[in-house]
Amino acid sequence: MTAWRGRNLLIGGFLTAIILVMALTSLVWTPYAPTKMDFLHKLASPSPTHFLGTDAFGRDVMSMLMAGATSSLAVTLVAVSLGAAIGIPLGAIAAAQGGWVDSLVMRAADLTFAFPALLTAVMITALLGPGATNAMLAIGIFNIPVFARVTRGATLAVLGLDFVMAARATGRPEGSILWHHVLPNIVSVLLVQTTIQFALAIVADAGLSYVGLGTQPPFPSWGRMLNDAQTFIYRAPMLAVYPGAAITLTVLGLNLMGDGLRDLLDPRLSRQR
Amino acid sequence: MNGFLAKRLVALVLTLLAASLVVFLVLEVLPGDPASLILGTSAREDTLAALRHQMGLDRPVWLRYLSWVYGLVKGDFGTSYTYNVPVAELIGERVVVSLPLAIMAILLSTLIAIPTGVMAAARRGKAADTTLMGASQLGMALPNFWLGILLILLFSVTLHWLPAGGFAGWDAGVGRALATLLLPALALALPQAAILARVTRSAVLETLGQDYVRTALAKGLTGTVALWRHALPNALIPVVTIIGLQFSFLLAGTVIIENVFTLPGLGRLVFQAIEQRDLIVVEDLVVLLAGSVIVVNFAVDMLYAVLDPRVRLDGAT
């Protein structure tokens, strides 16, 4: 069983690394410029010159996929960081303060959960105008209550432990206890949650760019590529396969990595399963 | 029970009000004046003012909020700026697409997930379990809109069995209408089923270790009967919760899926309304969708209390 669990982390890490390398490489090199059109070679099949063929504008699909990885990861990174940066302190404060602060934060989180995240992301990006920045904001907002909840739960569990009481007895201020005693103990839970949120954000970003509200052309995005491919689905079906496969592999990699991390960092959970 | 119910009902109403307030306030910051959108930029100032007055846009914000909420309670959703018909009518035309789609998706997902989860649990650690859980890992990673496109590739482009999009309409007969909803429902259902199957598996595994299952086996019941009659019903509580939570994902999913399959549902209506700055339609739709999530979660909570009396006792104290 342990071998299998280790494999999750390995496969997940490997898949994630591939996408990361693709994205980072695209910053310095892609086979062709991802926005370069070539109307003489529209919808070309895969060949040695165009590894995955070209799209309806003659753009090189491989180059677009690589550049798409960059935009997807950039949006996701900012969105999840935003959620974590606001959510984690909120959750920790709610847990430490208790009382009305706790109630207020948790009711606000409950309320946010009532709004289907993608629907509201659609609304926010539509209101503020489409684009990568607003997609980051919209996805980020929905990460706040998730991080707040997880942090609160984990913090409450740690705050009840003896070593926290000992720290209190020595007269340490509450903020210092949270930072020095609670945070190191909940970091593994947060790390696992972050991985899961990354996976969800990748899908949300792809969904937004699919409906035209995410990263704007000419900069390539996986969602946009899927939308474009649907128009030519009868002539060039494979164009609709590559970007989706890229999204799926990224999400699969992150999910496996999350599972693997959880088993590694929290052995209690893996024994239950 | 009554005290518990009353408390939850009050919380329900407060949550609904808070949700409506959030939607209203968020959309109030929307740039653009609906009156000048309708009349165009060349309209004279007094004509604009007259239209604003007619639409009630010159009233204070709090009054507009109250009259909007009062209208919602009465079932009066206001009049669409762009279509100039009651919003209730617009929603009525679309809800007959979106609601059956969501219900079909939930049904498909449950029908696929529960047997899969139970089977995996019964064969824990064996090849079948590993295969099913591997498949569910992949299913969870599939974005539903891409799955929709793949289904179109397979069933429409290659096999020509089902249409690639569009809605036949209920007038064309229930069978044909449902056939056009089948692929989108499947696209929504499979990723959800993957999650649900995992939850079912671990819930069943948990109950299989309980004393009453051992008792059932000890009194001579076969493993299959003990599994389906004793372990599964007790495992259903977390499963029901997840089904409830998935409702909100499904609603959001329909927004994108309806675009993949060009279905004339609520999701398409939201998009059109946002594009046309049809504020009242957007407000109504978002509140309606958020409201149904809140009500479904409330129903799940109540069901929880019925299924498991311990929840009720905890909640009352």
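In what follows, chains carry the letters A, B, and so on, assigned in the order in which the sequence lines appear, proteins first and then strands, with residues in each chain numbered from 1. Because only heavy atoms are used, hydrogens play no part in the values below, and waters and symmetry mates are left out as well, while side chains stay in.
- Only the side chain of B:Ala164 comes within contact range of chain A, judged by heavy atoms closer than 4.5 Å.
- Atoms CD and CD1, on B:Gln192 and B:Ile106 in that order, are 7.5 Å from each other to the nearest 0.5 Å.
- In this structure, the separation between CG on A:Asn143 and CD1 on A:Ile196 is 11.5 Å, given to the nearest 0.5 Å.
- B:Ile149 touches chain A through backbone and side chain together, each having a heavy atom under 4.5 Å away.
- Neither the backbone nor the side chain of A:Leu254 comes within contact range of chain B; no heavy atom of the residue lies under 4.5 Å from a heavy atom of that chain.
- Residues A:Thr76 and A:Asp205 have side chains that never bring a donor and an acceptor to within less than 3.5 angstrom of each other.
- Proximity to chain A is limited to the side chain of B:Val255, based on heavy atoms less than 4.5 angstrom apart.
- Interface remark: B:Asn297 contributes no atoms to any contact with chain A (heavy atom separation under 4.5 Å).
- Taking 4.5 Å as the heavy-atom cut-off, the residues of residues 222-231 of chain A that approach chain B are A:Leu226, A:Gln230, ordered by number.
- Looking at A:Asp259 and A:Arg262, a side-chain N of the basic residue comes within less than 4.0 Å of a carboxylate O on the acidic one, giving a salt bridge.
- If you check the side chains of B:Gln272 and B:Gln276, you find no donor sitting under 3.5 Å from an acceptor.
- Side-chain atoms of A:Arg149 never come within 3.5 Å of backbone atoms of A:Met106 as a donor-acceptor pair (strictly under, hydrogens ignored).
- Residues of residues 14-23 of chain B lying within less than 4.5 angstrom of chain A, judged on heavy atoms, are B:Thr15, B:Ala18, B:Ala19, B:Val22, B:Val23 in numerical order.
- Counting heavy-atom pairs under 4.5 Å between each of A:Ala199, A:Ala240, A:Pro243 and chain B puts A:Ala240 at the top.
- Interface residue B:Leu138: backbone and side-chain heavy atoms are both found under 4.5 Å from chain A.
- Most heavy-atom pairs under 4.5 Å with chain A: of the set B:Val260, B:Leu150, B:Ile152, this distinction falls to B:Val260.
- A distance of 6.0 Å separates CG of B:Leu151 from CZ of B:Phe261, quoted to the nearest 0.5 Å.
- Considering every non-hydrogen atom in both B:Asp278 and B:Tyr81, the closest pair reads OD1-N, 2.9 Å.
- In terms of heavy-atom pairs under 4.5 angstrom with chain A, the leader among B:Thr158, B:Ile294, B:Leu153 is B:Leu153.
- The CG atom of B:Leu101 lies 6.0 Å from the CD atom of B:Glu258; values are rounded to the nearest 0.5 Å.
- Atom CE of A:Met22 and atom CG of A:Leu73 lie 9.0 Å apart (nearest 0.5 Å).
- Taking every heavy atom of both residues into account, A:Leu90 and A:Ala148 meet most closely at CB-CB, 4.4 Å.
- Summarising the geometry of B:Asn144 relative to B:Gly253, their closest heavy-atom pair is ND2-CA, 4.0 Å, with the distance given to 0.1 Å.
- Expressed to the nearest 0.5 Å, how far CE of B:Met302 lies from CZ of B:Arg8 amounts to 5.0 Å.
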Walk me through whether A:Asp263 and A:Arg7 qualify under salt bridge (Lys or Arg N to Asp or Glu O under 4.0 Å). CA-CA 11 Å; A:Asp263 297 329; A:Arg7 207 161 6 167; over 6 Å; no
